[in-house]
Enquirer: 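Dumping the structure here so I can ask a few things about it.
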Amino acid sequence: MYFNVFGEKVSKGRFKQMVNAFKNRQELIAAGLTSRRDLLKLGLLSASGMLLAKHGLSARAQTATTPTSTSPGSFNLCLPGNQAASPTTRAFVEPLPIMPLAQTVPVSSLSPAPTIAPNTAGGEVRAASHQAPLLNPSMFPFPPPRVYQVRQHAIQAVQSPDLPTQTIWAFDDGFHATSPGPTYRANYGVPQLVRNINALPPANQNGGFGMPSVTTHLHNGHTPSESDGNPCDFYPSGNFCDQYYPNVLAGFSFDHRPTGDINESLSTLWYHDHRVDFTAQNTYKGLLGFYCLFNQFDTGDETTGFRLPSFPQFDIPLAFADKVYDPTTGLLAFDLFNLDGILGDKFLVNGKIQPFLQVQPRRYRFRLLDTGPSRFYEFFLTDPNHLGANNPFFVIANDGNLLPAPVQVTSVRIGVAERVDVIIDFSSFAGKTLYLENRLRQINGMGPVPPQGLVPGQVECSDAFGNLLSDILPAGQGNLLLQFRVSGTKVVDNSVNPMLDHPTFYALPDTTATPRVTRTFQFDRLNGQWSINGQFMDCNHFRFLVQQNSVENWILFNATGDWTHPIHIHLEEHQILSRNRVPPPLAVEHSRKDVTQLRQNERVLLFFRFRDWLGKYPLHCHNVIHEDHAMMGLWNVQPQGDTVLRP
Amino acid sequence: MTDLRESARRRYFPDLTLRTQDDKEVRFYDDLIKGKIVTINFFYSKCEDVCPIVTSNLVKVQELLGDQVGRKVFMYSFSLKPKEDTPKAMKEYAEMHGVRPGWTFLTGKPEDLELLRRKLGFTTPDLRADKDVTNHTGNIRYGNEPFMLWGACPGMADPQWIAESVEWMVRPDAVHLPHEHTPAHPDAPRPEHRHHERPAA
């Protein structure tokens with residue numbers, strides 16, 4: 001029997017055609033027609049940088065006119081599934097949108113006035129009273145010095161000039177309604193309150209997908225449980241939740257009184273909808289944004305502190321998303337019946353398909369965020385005229401946490417919800433055009449294909465001749481995500497030069513403390529059901545109790561073999577002590593993390609300190625399709641914890 | 001709005017002819033899905049591993065949803081082995097589990113059930129593992145077709161939680177007050193039903 005990339009039975013003739021199409025492409029590559037220019041000349045490459053479906057060149061194109069949900073991708077020929085062939089769009093014709101900064105409002109403008117206890121009668125849905133002002137009213141005044149009011153509602157957005165206007169869901173701070181939403185410029189020592197109003201249309205006007213009931217999680221925040229945006233604390237349109245963000249360093253009430261541990265400083269956070277079972281649909285529809293947290297070192301001013309490029313002019317958040325558009329209507333489409341993971345064939349940055357950014361020949365800080373739903377990225381800096389060149393850049397932060405010192409790389413890989421902050425120096429590229437390119441080969445929801453050098457029993461990703469294919473695509477053949485147009489005029493650059501100045505940032509907090517308990521979490525798929533330790537997400541069930549102000553080690557164990565899961569744990573960051581019993585091989589992983597990639601056949605050991613706040617939090621896979629289908633569990637921080645080993 | 005519904009129908013809901021446990025002919029879209037709030041799972045009556053757990057869970061869900069089942073909510077179980085799941089075999093299976101009206105078991109041509117399984121995403125991308133039908137017995141889809149709201153949850157989840165999920169389809173715009181904030185001590189570990197995904201032998 002023969003199958004196409006959608007896992008559907010096909011005739012022998014059709015299968016032969018598919019294999020030939022694949023061979024054609026391989027031959028083209030073998031013949032040296034690898035450069036963009038060569039392929040463009042032959043008319044085989046579209047302006048978007050994708051190989052064109054010409055004369056049977058692409059096996060996918062012929063089946064792709066009928067969108068299908070049954071598109072698992074095939075390892076046998078290393079062909080992508082899940083791609084419903086969106087309409088053609090031009091690339092690099094529109095500028096990169098820069099999200100506006102969120103604006104505060106006077107607290108007197110909030111009606112009803114905010115209260116420490118949930119104002120249930122007034123339409124608020126919140127799980128408990130605000131812990132911070134009750135704990136320390138002078139450190140955490142109520143109301144706090146900064147107050148925001150955001151409404152989540154539908155907007156019309158143009159994601160490409162070649163597609164119709166889309167109805168998506170946005171955050172509106174009263175001044176701008178955008179998706180991604182306005183960027184918070186937050187500061188340590190300045191607590192803030194966000195009144196988050198659900199003003200989404202009723203469920204029967206969701207435009208084909210999306211659940212208009214929400215709970216907004218501040219991802220990576222050291223946030224009291226009631227303001228964390230727990231997946232179970234969702235509320236429908238017409239209701240609101242006041243979220244109090246203390247913007248305080250971890251340990252302030254325990255081992256680093258009174259202000260917390262400076263080495264736990266956070267910088268690049270993001271916020272996104274976390275509605276249980278519907279996070280994938282709601283974030284895909286637009287409910288996300290950035291939250292940048294500054295302090296006396298990471299100041300946002302390149303003449304002070306660590307002298308990182310100035311925010312927001314030279315410090316730019318970039319939200320990556322891959323999406324699918326209906327081939328007939330051109331409207332944003334979501335595969336409602338997929339439990340493995342969804343891949344798109346259109347790549348958006350800050351809400352636009354393949355935009356360009358005009359930059360000056362100087363250093364920039366980019367905060368790269370993978371918003372999912374399921375794709376991993378490996379970012380390279382590609383010069384189309386020198387495809388063989390390695391263009392190094394610096395990683396300065398992992399999951400938004402500044403590293404002890406910058407790490408020079410030629411590429412960096414992230415999974416859903418992970419962030420890396422990088423410094424790219426364009427000074428040697430004046431007058432040139434560069435691309436941020438994703439060269440990671442991923443063909444389905446399982447994650448990146450295995451790297452070459454397989455252990456027995458692993459799936460193989462091979463070409464028509466049975467040759468194994470690597471997980472990294474050749475330069476210029478990946479997904480060109482963002483075009484940098486570097487101007488030719490020399491400019492002043494006061495920012496730190498990682499190459500020459502050898503800056504250092506924060507030391508890593510000590511991980512030698514003896515854990516109170518070492519818990520094991522086995523991530524598995526049982527009869528198709530995503531599970532953790534054989535159990536499933538349930539808002540009525542807590543798995544275990546963590547003792548407030550204690551140290552724990554957690555073992556994440558991947559029982560799903562060839563799948564890769566980005567595992568996220570709320571409240572506190574962790575450090576990776578080992579991957580399969582050896583320290584993580586990559587320098588950038590010697591860092592604080594809030595999402596750890598649990599790779600193929602891995603056992604990962606993590607170190608945690610749980611401090612300051614009480615209440616419920618989840619751990620979950622952040623492939624949002626897995627997360628929505630129960631690969632999540634609730635735990636709870638209480639004064640007295642338990643020692644359940646496999647909760 | 002109707003255009004979107006129509007495109008969802010084309011993509012996911014082929015109007016196949018199926019047969020119920022009462023040997024009645026029904027159309028998948030027109031009779032089972034259109035205009036309805038539904039739960040969908042796949043099973044086979046000789047399955048000894050997970051199907052009985054999921055089915056008995058769903059029996060409890062049916063109890064919890066009360067008289068909404070058959071009026072507002074319709075439950076469907078589709079056969080993974082339609083050749084052996086005759087209407088009679090399915091009826092015996094349903095009776096054995098104490099299934100009440102409002103929950104229909106469906107069989108039909110093997111290629112039709114296979115198409116349905118793929119359309120509704122009871123699949124796995126590893127084509128070897130996909131051949132093992134037991135890998136498709138765990139999950140439950142729930143949805144509200146006219147509202148185009150669709151979700152899924154594990155069939156082995158707590159019936160109370162499954163019922164709550166189905167209630168979101170009935171009242172998607174209602175307030176569901178936050179769940180317990182401060183817990184009692186976690187429940188004792190539940191019985192484990194381990195069945196790793198594996199390729200067919």
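Naming: A, B, ... by sequence-line order, numbering from 1 per chain. Every value quoted in this text rests on a predicted model; they were computed, and no experiment measured them.
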Enquirer: Give the minimum heavy-atom separation between B:S7 and A:D326, together with the two atoms involved.
Expert: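 Nearest pair, atom of B:S7 first, then A:D326: OG-OD2, 4.2 Å.
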Enquirer: Chain B heavy atoms under 4.5 Å from A:F334: which part of the residue, side chain, backbone, both or neither?
Expert: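 Answer is backbone: N, CA, C or O of A:F334 sit under 4.5 Å from chain B.
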Enquirer: Report the C-alpha distance between A:N527 and B:H136 in whole Å, list the side-chain angles of each, state the deciding distance to 0.1 Å, and finish with yes or no for side-chain contact (heavy atoms from CB on, under 4.5 Å).
Expert: CA-CA 6 Å; A:N527 308 90; B:H136 314 306; over 6 Å; no
Enquirer: Between NE2 of A:H541 and CD of B:Q160, what distance do you get to the nearest 0.5 Å?
Expert: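 A:H541 NE2 to B:Q160 CD: 14.0 Å, rounded to 0.5 Å.
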Enquirer: So which atom in B:L149 and which in A:A203 form the shortest heavy-atom distance, rounded to 0.1 Å?
Expert: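 Result for this residue pair: CD1-CB, 4.0 Å.
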Enquirer: Tell me the closest heavy-atom pair linking A:R525 and B:T123, and the distance in Å.
Expert: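 So the minimum-distance heavy-atom pair works out to NH2-O, 3.7 Å.
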Enquirer: If you count heavy-atom pairs under 4.5 Å with chain A, which of B:G138, B:S165, B:G143, B:P172 comes out on top?
Expert: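 With the most close heavy-atom pairs to chain A, the winner is B:G138.
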Enquirer: Quick one: pull up CZ in B:R11 and CG in A:D335 and give me the separation to the nearest 0.5 Å.
Expert: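 Between B:R11 CZ and A:D335 CG, I get 4.5 Å after rounding to 0.5 Å.
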Enquirer: If I measure from the heavy atoms of chain B, does A:D628 come under 4.5 Å with its side chain, its backbone, both, or neither?
Expert: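 When you check distances to chain B, only backbone atoms of A:D628 fall under 4.5 Å.
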Enquirer: So does B:C153 get a backbone contact from the side chain of A:Q529, meaning a donor-acceptor N/O pair under 3.5 Å?
Expert: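 No: the side chain of A:Q529 does not pair with the backbone of B:C153.
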Enquirer: State, to 0.1 Å, how close B:T124 and A:W563 come at their nearest heavy-atom pair, and which atoms those are.
Expert: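 Distance-wise, the nearest heavy atoms are OG1-CZ2, 4.3 Å.
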Enquirer: Show the numbers, then the answer: is there a side-chain contact (heavy atoms from CB on, under 4.5 Å) between B:M169 and A:M211?
Expert: CA-CA 10 Å; B:M169 300 297 99; A:M211 179 59 138; 4.0 Å; yes
Enquirer: Taking every non-hydrogen pair under 4.5 Å, which of A:P202, A:A630, A:S531, A:S213 racks up the most with chain B?
Expert: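 Looking at each option in turn, the highest pair count goes to A:P202.
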Enquirer: Step by step, work out the ring-ring contact (aromatic ring centres under 6.0 Å, His included) result for B:W150 and A:F278.
Expert: CA-CA 9 Å; B:W150 290 94; A:F278 292 91; over 10 Å; no
Enquirer: Applying side-chain contact (heavy atoms from CB on, under 4.5 Å) to A:F337 and B:R118, what does each step give before you reach the verdict?
Expert: CA-CA 9 Å; A:F337 287 85; B:R118 292 181 178 283; over 6 Å; no
Enquirer: Using side-chain heavy atoms (C-beta onward) and a distance below 4.5 Å, is A:Q535 in contact with B:D158?
Expert: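 No; the side chains remain at least 4.5 Å from each other.
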Enquirer: Check whether A:A333 gets within reach of chain B through its side chain, its backbone, both or neither, counting any heavy atom under 4.5 Å.
Expert: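 Only the side chain of A:A333 comes within 4.5 Å of chain B.
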Enquirer: Can you name the nearest heavy-atom pair linking B:D173 to A:P236, along with the distance?
Expert: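 Looking at all heavy atoms of both residues, the shortest contact is O-CB, 3.4 Å.
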Enquirer: Main chain of A:M537, side chain of B:W161: is a donor-acceptor contact present, judged purely on distance under 3.5 Å?
Expert: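 Yes, the answer is positive, given that a donor and an acceptor are paired below the 3.5 Å cut-off.
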Enquirer: Establish, from distance only, whether the side-chain atoms of B:E164 and A:N540 form a donor-acceptor pair under 3.5 Å.
Expert: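 Judged by distance alone, the side chains do pair up.
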Enquirer: Rounded at 0.5 Å granularity, tell me how far CG in B:N144 sits from CG in A:N206.
Expert: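 If we round to the nearest 0.5 Å, B:N144:CG and A:N206:CG are 9.5 Å apart.
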Enquirer: Can you say whether B:Y142 sits under 4.5 Å from chain A via the side chain, the backbone, both, or neither, judging by heavy atoms?
Expert: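 Only the side chain of B:Y142 comes within 4.5 Å of chain A.
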Enquirer: Assess whether side-chain contact (heavy atoms from CB on, under 4.5 Å) is satisfied between A:T329 and B:D3, documenting all intermediate values.
Expert: CA-CA 10 Å; A:T329 62; B:D3 284 354; over 6 Å; no
Enquirer: Which bit of B:A8 comes within less than 4.5 Å of chain A, counting heavy atoms only: side chain, backbone, both or neither?
Expert: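 Contact with chain A is absent: no heavy atom of B:A8 under 4.5 Å.
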Enquirer: Kindly give the heavy-atom pair with the smallest separation between A:D277 and B:A152, and that separation in Å.
Expert: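 Closest heavy-atom pair between A:D277 and B:A152: OD2-O, 3.5 Å.
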Enquirer: Under 4.5 Å heavy-atom distance to chain B, tell me which part of A:Q640 shows up: side chain, backbone, both or neither.
Expert: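 Answer is neither: A:Q640 stays 4.5 Å or more from chain B.
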Enquirer: Return yes if some donor-acceptor pair links the side-chain N/O of A:Y235 with the main-chain N/O of B:A174 below 3.5 Å, else return no.
Expert: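 No, the answer is negative, given that no donor and acceptor are paired below the 3.5 Å cut-off.
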Enquirer: After noting the C-alpha distance and the side-chain angles of A:F209 and B:F147, does the key distance pass the ring-ring contact (aromatic ring centres under 6.0 Å, His included) rule?
Expert: CA-CA 9 Å; A:F209 65 92; B:F147 281 19; over 10 Å; no
